[in-house]
Amino acid sequence: MTGSLDSWEQWLLKQAEPHLRRGRPDDWDHTLRALRYGRALLQEEKGDAEIVITTLALHDMGWSRVDYTDFVEAPPEKKKETRSLKEHMVQGALLAREILDTTPFPGDRKERVLQIIACHDEPEAVLALAEPEALLVMEADRLDRFGPESQARYRKMFGENYLREGRSFLLEGAKLWFRTPTAKRILQEMLGQAEKSGAGSAGN
Ligand SMILES: [Fe+2]
Ligand SMILES: [Fe+2]
């Protein structure tokens, strides 16, 4: 990771922060964690680091522009069909375009970033892009569903029940979402940690 990519990331985060703070609970912290997972993946996996980091920094800004009640209320397996989930990707890409338009970020690379933001929560669409960067973004974003912070976040966002119902749904989803050896390894490490601390069992 080069120094200039670090300062680019910091600049992007400064632009994204006001939007992320107005989005869902912890969207800001989630973005910082997704960036950490992204960096960990980039250490081992091939991919254009600038595209991955830029996309992760901006990917969830769209939640600030949608009423996400339908997303919160939908059962785990129906969340991906909610209007607000789709709309946060559309709005996120619009906001990201506004930000990147003020920079010398090259147009063709900008379009790649916006394309990933516009489908980052649709695993089938991400995989159909068949780009390592799109996959790494999805993996980094979704690894944060399994980390130690995720339980507190889900409790805040969806309530206690989700911790019971959502767990098996997430574990099933993991088989589709995580494709690189590094993402699979990080996931297994986190699941192992959770089991040791007792947080991995349903209902905790
Ligand atoms: Fe998202
Ligand atoms: Fe996200």
Side-chain angles (χ1 to χ4, degrees), residues 9 12-13 15-42 47 51-74 76-97 99-100 112-129 131 133-158 162 166 169-170 173-174 176-180 183 186-187 190:
E9 178 187 333
L12 289 169
L13 283 173
Q15 315 311 307
E17 183 173 2
H19 302 288
L20 292 166
R21 297 245 185 235
R22 282 199 301 271
R24 299 171 308 170
D26 295 346
D27 269 346
W28 167 246
D29 306 82
H30 156 62
T31 297
L32 298 181
R33 291 193 296 267
L35 279 161
R36 278 208 301 277
Y37 290 122
R39 283 172 177 269
L41 293 172
L42 285 163
I51 298 275
V52 173
I53 295 298
T54 303
T55 308
L56 283 171
L58 305 179
H59 79 282
D60 267 342
M61 293 189 296
W63 287 112
S64 66
R65 287 190 170 177
V66 299
D67 174 354
Y68 52 84
T69 314
D70 60 344
F71 177 73
V72 169
E73 290 177 351
E77 70 282 5
K78 296 277 182 202
K79 289 191 188 301
K80 67 178 289 207
E81 292 162 28
T82 56
R83 193 200 54 82
S84 65
L85 183 81
K86 290 184 185 10
E87 193 60 19
H88 96 283
M89 296 186 273
V90 174
Q91 295 298 325
L94 290 172
L95 283 165
R97 183 182 293 282
I99 289 171
L100 293 174
R112 289 179 61 197
V113 166
L114 300 179
Q115 191 179 32
I116 301 171
I117 293 178
C119 71
H120 71 269
D121 269 323
E122 280 174 339
E124 297 81 2
V126 169
L127 295 170
L129 288 177
E131 283 182 10
E133 293 76 21
L135 176 61
L136 294 179
V137 165
M138 178 170 75
E139 289 181 335
D141 186 24
R142 284 168 192 249
L143 278 171
D144 190 42
R145 299 180 183 188
F146 298 88
E149 306 87 352
S150 62
Q151 300 268 317
R153 180 170 200 236
Y154 287 140
R155 185 174 284 117
K156 216 188 285 183
M157 199 150 53
F158 303 136
Y162 185 85
F169 174 76
L170 286 177
L176 170 70
W177 307 332
F178 302 115
R179 301 293 173 107
T180 67
I186 295 173
L187 174 68
M190 284 196 292

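Every number for a ligand or one of its atoms is a count from 1 in the order of the listing. Keep in mind that the numbers below use all heavy atoms, side chains included, and drop hydrogens, waters and symmetry copies. Here, residue 1 is the first one in the sequence, and each next residue gets the next number.
- The ring of Tyr37 has its center no closer than 6.0 angstrom to the ring center of Phe146.
- Looking at His19, Arg153, Arg22 one by one, the single match for side-chain contact (heavy atoms from CB on, under 4.5 Å) with Asp27 turns out to be Arg153.
- Phe71 does not carry Lys78 over the face of its six-membered ring by the limits of under 6.0 Å from the centre and within 45° of the normal.
- The side-chain tip of Arg145 points at the ring of Trp177 from less than 6.0 angstrom away and within 45° of straight on.
- Closest to the Fe ion (ligand 1) among the N, O or S atoms of His88 is NE2.
- With sequence neighbours excluded, the residues forming a salt bridge (charged side-chain N to carboxylate O under 4.0 Å, His left out) with Arg112 are Glu131, Glu133, listed by chain and number.
- Counting only distances under 2.8 Å, and ignoring water, the protein N, O or S atoms around the Fe ion (ligand 2) are His30 NE2, His59 NE2, Asp60 OD2, Asp141 OD1.
- Ring-centre distance between His88 and His59: not below the 6.0 Å cut-off.
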